[in-house]
Amino acid sequence: MDADELDWPNLVDMVLSWSLEDAMDEDVFKNKLKRIPSIFNNIEGYLGSYASPLLEELRAEMLSSLESISTLSFVKVSWIEQKKYSEAYDIAFEADSQNTESRNKLESNRRSVGDIIILSDVKPENISDIAQNGRPYCIAFITDGGDEDDDSPPAMYVIKASGQIDAADEISQDGKRRPLFAAHLLNIVTYIRIWRCLDYTTLRRNQNLIQEMVHYPRVCMLVCSE
């Protein structure tokens, strides 16, 4: 969970690198959360001061979902396959009649690009069922898929995962079929947009935006002269 890198890190890659223990650790960013000053020496310092608070807000929202994991709508994965020459996976979800009895449940079962989901071979009653019992799980990010214009729940997606994913309904060593379930944790599209705005290398290309963000003529002159 380190945002201090030479190149501005990809937010999705950072989130997928977190373990459940990281997401549940309320002190993981404790040493990086500092009072944001009213005056900055440079633009990079101004933008960087918001990185850790944003990561902590995202982590806290993810934790909130994990703590209520027993109430999440888990759907069975009917098919999953890794794309050729890629780390991404094609994935399909089964339509669950128990989760589509009402319009509200239909909407809760609908997934979108930008969603962070958790994949597991069980429908856990508590996050400890996964985190502490050593059960296999995977955190994934939906990069593509779903038909927003269709009345039925979109079921085909492309995901980027935190690790290797076994095939759905894989036969385990004891000869039993092991199902694979998925549940939505949160959508991070807004976080991604904000995170990109904190990238100094990208932002410096828009000098007008910089001048609107920081009313400090000396700093703007330094940036414009580079």
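One finds the CD1 atom of Ile188 at 4.0 Å from the CD1 atom of Ile116 (value rounded to the nearest 0.5 Å). Separating the SG atom in Cys138 from the CG atom in Asp121 is a distance of 12.0 Å, to the nearest 0.5 Å. Distance CE/Met62 to CG/Leu186: 7.0 Å, rounded to 0.5 Å. Here CG of Leu198 is found 6.0 Å from CG of Leu47. Values are rounded to the nearest 0.5 Å. With rounding to the nearest 0.5 angstrom, the CD1 atom of Ile91 is 9.5 Å from the CE atom of Met156. Note that the CD1 atom of Ile130 and the CD atom of Glu125 stand 11.0 Å from one another [nearest 0.5 Å].
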Query raised in the report: Is there a side chain to side chain contact (heavy atoms under 4.5 Å, CB included) between Ile159 and Ile165 once you walk through the steps?
Result: CA-CA 11 Å; Ile159 63 171; Ile165 304 176; 3.9 Å; yes
Query - Glu94/Trp79 under side chain to side chain contact (heavy atoms under 4.5 Å, CB included): CA gap, chis, key distance, verdict - result: CA-CA 9 Å; Glu94 286 187 0; Trp79 176 79; over 6 Å; no
Report task. Could you please spell out the steps behind the side chain to side chain contact (heavy atoms under 4.5 Å, CB included) verdict for Leu11 and Tyr191? Result -> CA-CA 8 Å; Leu11 183 61; Tyr191 290 105; 3.9 Å; yes
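A 4.5 Å side-chain heavy-atom check between Leu55 and Met14 finds at least one atom pair inside the cut-off. Within the 4.5 Å cutoff, side-chain heavy atoms of Leu54 are placed close to those of Trp195. Phe74 is listed as a side-chain neighbour of Pro124, based on a closest heavy-atom distance under 4.5 Å.
Hydrophobic clustering (ILVMFWY, side-chain heavy atoms < 4.5 Å, transitive): Val28 and Leu185 are in one cluster. Using a 4.5 Å cut-off between side-chain heavy atoms of Ile, Leu, Val, Met, Phe, Trp and Tyr, with links allowed through other members, Leu180 and Val122 fall into different hydrophobic clusters. Both Leu66 and Leu16 are assigned to one and the same hydrophobic cluster, defined by single-linkage of ILVMFWY side chains at heavy-atom distances under 4.5 Å. In the hydrophobic clustering of ILVMFWY residues, with side-chain heavy atoms under 4.5 Å counting as a link, Leu58 and Val189 come out apart. Follow the hydrophobic side-chain contacts under 4.5 Å out from Ile69 and you reach Leu20 in the same cluster.
Residues satisfying the salt bridge (charged side-chain N to carboxylate O under 4.0 Å, His left out) criterion with Asp13, sequence neighbours excluded, are Lys160. For Lys83, the side-chain hydrogen bond (donor to acceptor under 3.5 Å, both in side chains) criterion is met by Asp90, not counting sequence neighbours. In this structure Asp25 satisfies the side-chain hydrogen bond (donor to acceptor under 3.5 Å, both in side chains) test with no other residue, sequence neighbours excluded. For Glu26, the side chain to side chain contact (heavy atoms under 4.5 Å, CB included) partners at least two apart in sequence or on another chain are Arg59, Leu63. Judged as a side-chain hydrogen bond (donor to acceptor under 3.5 Å, both in side chains), and not counting sequence neighbours, the contacts of Asn126 are Ser128. In this structure Gln164 satisfies the side-chain hydrogen bond (donor to acceptor under 3.5 Å, both in side chains) test together with Tyr89, sequence neighbours excluded.
Proximity of a side-chain donor or acceptor of Gln82 to a complementary backbone N or O of Ser86 within less than 3.5 Å is detected. Without hydrogens or angle criteria, Asp115 side chain to Ile117 main chain gives no donor-acceptor distance under 3.5 Å. Listed for the Ser64 side chain is no donor-acceptor partner under 3.5 Å among the backbone atoms of Ala60. For Thr143 (side chain) and Val158 (main-chain N/O), a donor-acceptor pair under 3.5 Å exists by modelled atom type.
Summarising the geometry of Gly114 relative to Phe141, their closest heavy-atom pair is CA-CE1, 3.4 Å, with the distance given to 0.1 Å. What you find for Val77 and Ala182 is that their closest heavy atoms are CG2-CB, 4.2 Å. Closest approach of Tyr137 and Ser19 over heavy atoms only: OH-CA, 3.8 Å. Scanning both residues, Trp18 and Asp22, for their nearest heavy atoms gives CA-OD2, 3.6 Å. Closest heavy-atom contact between Ser112 and Asn187: CB-ND2, 4.2 Å. Taking every heavy atom of both residues into account, Phe181 and Lys76 meet most closely at CD2-CA, 3.8 Å.
Judged by the 6.0 Å and 45° rule, Arg111 forms no cation-pi pair with Tyr157.
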